[in-house]
Number of protein chains: 2
Amino acid sequence: MSLKFITAEEAASFVKDGDNVGFSGFTPAGAPKAIPAAIAERAIAEHEKGNPFSIGVLTGASSGDSLDGALTRAKAIKFRAPYQTNKSMRNAINIGEIDYQDLHLSEMAQQVRYGFMGKVNVAIIEACEVTEDGKIYVTTAGGNVPTYCRLADKILIELNSHHSKGLIGMHDMYEPLDPPYRKELAVYTPSTRIGLPYVQVDPAKIVGIVETNVPDEARGFDPADEITTQIGNNVAAFLAKELKAGRIPSTFLPLQSGVGNVANAVLGALGKDMDVPAFEMYTEVIQDSVIDLMLQGRIKFGSCCSLTLTDECLQTIYNNIDFFKDKIVMRPAEISNNPEIIRRLGVISINTAIEVDIYGNVNSTHIGGTKMMNGIGGSGDFTRNAYMSIFTCPSVAKGGNISAIVPMVSHCDHSEHSVNIIITELGVADLRGKSPIQKAEAIIENCVHPDYKQLLWDYLKFAGEGHKGHTPHRIDAALAFHVALAKKGDMKAVNWADYE
Amino acid sequence: MSLKFITAEEAASFVKDGDNVGFSGFTPAGAPKAIPAAIAERAIAEHEKGNPFSIGVLTGASSGDSLDGALTRAKAIKFRAPYQTNKSMRNAINIGEIDYQDLHLSEMAQQVRYGFMGKVNVAIIEACEVTEDGKIYVTTAGGNVPTYCRLADKILIELNSHHSKGLIGMHDMYEPLDPPYRKELAVYTPSTRIGLPYVQVDPAKIVGIVETNVPDEARGFDPADEITTQIGNNVAAFLAKELKAGRIPSTFLPLQSGVGNVANAVLGALGKDMDVPAFEMYTEVIQDSVIDLMLQGRIKFGSCCSLTLTDECLQTIYNNIDFFKDKIVMRPAEISNNPEIIRRLGVISINTAIEVDIYGNVNSTHIGGTKMMNGIGGSGDFTRNAYMSIFTCPSVAKGGNISAIVPMVSHCDHSEHSVNIIITELGVADLRGKSPIQKAEAIIENCVHPDYKQLLWDYLKFAGEGHKGHTPHRIDAALAFHVALAKKGDMKAVNWADYE
């Protein structure tokens, strides 16, 4: 059959009120841009006519502003999963306008296949190439494309010529069978391939192709400052010490690193630390800093779900495609974040915490226990299955009025059972082989800002008076830091005497 | 070489103050009894002489009273991991006498191998047979025996003739390689075998064998009452409905079920519900109820780490060994609880919660947020990787003064991201595909005891006033149920007006 080229507006007309729509992409990378913007326009027009129009938005992770932002502002989203980072959407979620389910990214595709989220009506996929026999070559992310394409009744393609066809061959697209028929995921190194460079679909389901030429909407991050540089140096020094002690194999192990400027600083420091050998990544997101370290020979290979790069950095890859082609593979999120593979490879995970408590529980999602920041993303997939799980954060925020280390987290995403190491700019708390009280001592001694150190030592003593159990808490004072912040704008305003 | 038979006292003399000792067993099943009791005696004698004597106790999970109980009462334990259920030990942990690290059971062996817990000096293993060339046939549990035997300098055997040699062949002992050399765990059905029926050790490391004839110290559970029966019926009816709706494959899926009388009631109800086909288990612990259902043909196969049975039920197996031999396999904890296999097989997990909050976070470990009950055990391994994760609990405890459903859990072991279904005697809350507020509505409506229903509806309204975010909380009132219990002995004594 021949491919049918249509406009974004025509494409948007295939999406009906109430549909569940599966989008390509993972972060802004690889997400469609023109069709979601046209759906948003259509929603506004329908609403002006007094008609309802809202859809379920299923993605790989976050997306770009012309998807999550435009559809949110058009009030066109009834349900959203599994992750987001958009300012408009975050606000809509926090005022209850959008029902958001924040999910482990490795589980999204299977939960959709298992039928836990209803039918997928339409898939909208950004591609750099599509063939008449239904081979779709996606762009800068694996996302959940194989599953959304297979389950959807209709597929719409954005064929984006801003991306180089040099991307062809850089993907390893694989969709596992479901229980009771699932087999092993035979990935034994970050570079092992188990799938195909494209997604094969029934070409009859491709109802239209929209041609575009637009860059990904990924942004750069702030350059490293003194604090993030020091966090990065502490991570690098810790890993070098573990390597020397034989607790990391001499070949080193693949790294996963979260997204943002702390992650950039960590990678920068690891790149510079010649006690750490050149290494591989098995991660979700490749940022600019990884590409820099590949050019320097410090990163040998990167397995990821997406190339979340500034357009400038992406053009560097496109201009040196022969150099990068055998150093990068993009996989679906179900594979990049898969527990089986992460545990087998022995990935060292490094993620950023919003807050950590003295016993090593981590909040990655909720500001003050209530407001969604982004979502858990892949941090749970990696932390739980890592060889060694590390969380980093600056010791304080908001000019010192917020301590990142609190008596009890206001929301727990990663429990003390799964968290091995906490690192701030001040130092490293190694929680392995320790009881909760020993963990508290290590965290307060090594990671807490001087403004909060005595307050937390006092809490630990106060909580433990009269032997208050394995994990001492004064339950009426456990969230006192958060109450002080809410009522007085400063966690330092806490006074334990108020609770005696 | 020839085997050297010694007394328990002689065996105990091989254990030095400060040693880390790895014990066989998983629950009281398969744990040594005579040697640990003799070590406890030795510790008492040393302490009377004014000498220090305490050891690190590394096991598979919990153990029997002659191990955890006797060593605790002798003040002979400095460190304990990964799980316990003993009354003396629980008390010692909660008053800070024993440093306890509560770990995911699947991770214990690898964390020991990775060097995160120091050296293993001695392994003490209960066996039903041992050969001169170093083949150890363990008894009623896989535990972490392969790893402790390989890493220890010395191995002590309790050769327990109370166990039938019919156990030979019922184990599948396998120890994976560590990263970067680990391969897949090629288990594709509950009955797939990948290892050997014994653990091979260097016979020169076996420094002595103690002959015993003592039963396992496993106990029975209370018979099902009206509440647990209703929970069981609700689980069975829910799974039958999911099967009918096609959200569980028509072949059904393997079940994991926790330990205790709620688990027994659930299995009993599933056994009786003929809408559920005869099924397989991929679980940690096989209890009496599983054996009953095997005899009835309702359970076709059980993969486990231990046979935690009353002695009467164990004798039923020994007397009908030909019937049971091809229906049960015992594996090391690292395999029975492995994320890779649990996710591949699509295990349906059913575990018991201590408390659950309205947003679906689960506390499995800490009474009132501070006092350790047992530990997380395998609940995290199964919940996180399950096809569908279920938590059950009676809606109230302590004569109604404690609600199992609270505004915020006082300790979080399983976050809302990993918990799919909550079931009490009152009904089922299906959390799949829901936002936090929708989850709260489902839980309060379907699972909460009438005495607490209005209080929790009021909290949800109160917390949400002024749009308090994606997960509404009044942070000063989030633990008010626990404060009311601590101060007034009754969660119903909470008054939201106190927090306005």
Side-chain angles (χ1 to χ4, degrees), chain A residues 93-96 99-104 114-117 179-180 182-184 186 188 246-247 249 251 253 339-340 343-346 361 366 368-372 376 380 384-385 387 410-413 415 417 432-435 437-438 467-473 475-476 478-479 482-483 486, chain B residues 93-96 99-104 114-117 179-180 182-184 186 188 246-247 249 251 253 339-340 343-346 361 366 368-372 376 380 384-385 387 410-413 415 417 432-435 437-438 467-473 475-476 478-479 482-483 486:
Chain A
I93 287 167
N94 283 318
I95 62 173
D99 291 322
Y100 173 52
Q101 193 182 19
D102 169 23
L103 272 181
H104 301 298
Y114 295 170
F116 296 177
M117 298 202 180
R182 192 173 293 171
K183 295 289 186 226
E184 69 271 32
Y188 307 116
R247 284 186 295 268
T251 51
L253 288 169
E340 170 178 339
R343 185 154 162 157
R344 182 185 303 142
L345 298 184
N361 300 287
H366 284 70
T370 62
K371 288 205 164 27
M372 174 54 60
I376 194 166
R384 176 67 73 85
N385 297 291
Y387 183 94
S410 57
H411 183 91
C412 181
D413 295 293
S415 83
H417 306 96
R432 293 172 296 174
K434 289 194 171 72
S435 71
I437 292 173
Q438 294 172 321
H467 301 305
K468 293 270 176 31
H470 177 57
T471 302
H473 273 300
I475 210 71
D476 56 340
L479 296 171
H482 304 87
V483 173
Chain B
I93 288 168
N94 283 318
I95 63 174
D99 290 322
Y100 172 52
Q101 193 182 18
D102 168 24
L103 272 182
H104 301 298
Y114 296 170
F116 297 176
M117 297 201 181
R182 191 172 294 170
K183 295 287 185 227
E184 69 270 33
Y188 307 117
R247 283 184 298 266
T251 51
L253 288 169
E340 170 177 339
R343 184 153 162 158
R344 182 186 302 143
L345 298 184
N361 300 287
H366 285 70
T370 62
K371 288 204 164 28
M372 174 53 59
I376 194 166
R384 176 68 72 87
N385 298 291
Y387 182 95
S410 57
H411 183 91
C412 180
D413 296 293
S415 81
H417 307 95
R432 294 172 295 174
K434 290 195 169 73
S435 71
I437 292 173
Q438 293 171 321
H467 301 305
K468 291 274 176 28
H470 179 57
T471 302
H473 273 300
I475 209 71
D476 57 339
L479 296 171
H482 304 88
V483 173

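As the structure is a prediction and not an experimental result, all values here were calculated from the model. So that the names make sense, note that chain A is the first sequence line, chain B the second, and so on, each numbered from 1.
- The side-chain heavy atoms of A:Pro339 and B:Asn385, taken from C-beta on, include a pair separated by under 4.5 Å.
- Aromatic ring orientation, A:His470 versus B:Tyr100: tilted (interplanar angle from 30° to 60°).
- When all heavy atoms of B:Gly115 and A:Arg247 are compared, the pair lying nearest together is O-CD, 3.7 Å.
- Taking the six-membered ring where tryptophan is involved, the planes of A:His417 and B:His411 are perpendicular, since the angle between them exceeds 60° and thus also 30°.
- Minimum heavy-atom separation, A:Ser415 to B:Asp413: OG-O, 4.0 Å.
- Of the residues considered (B:Arg182, B:Glu184, B:Met372, B:Lys371), B:Glu184 shows the highest number of contacts with chain A, using heavy-atom pairs under 4.5 Å.
- Rounding to the nearest 0.5 Å places CG of B:Asp476 at 12.0 Å from CG of A:Asp476.
- For chain B, no part of A:Ala186 is nearby; none of its heavy atoms comes within less than 4.5 Å.
- Looking at A:Lys434, only its backbone comes within 4.5 Å of chain B, counting heavy atoms on both sides.
- Between B:Ser410 and A:Ile475 the shortest side-chain heavy-atom distance falls below 4.5 Å.
- Of the atoms belonging to A:Pro180, heavy atoms from both backbone and side chain fall under 4.5 Å from chain B.
- Among all heavy-atom pairs drawn from A:Phe116 and B:Tyr387, the shortest one is CE1-O, 3.4 Å.
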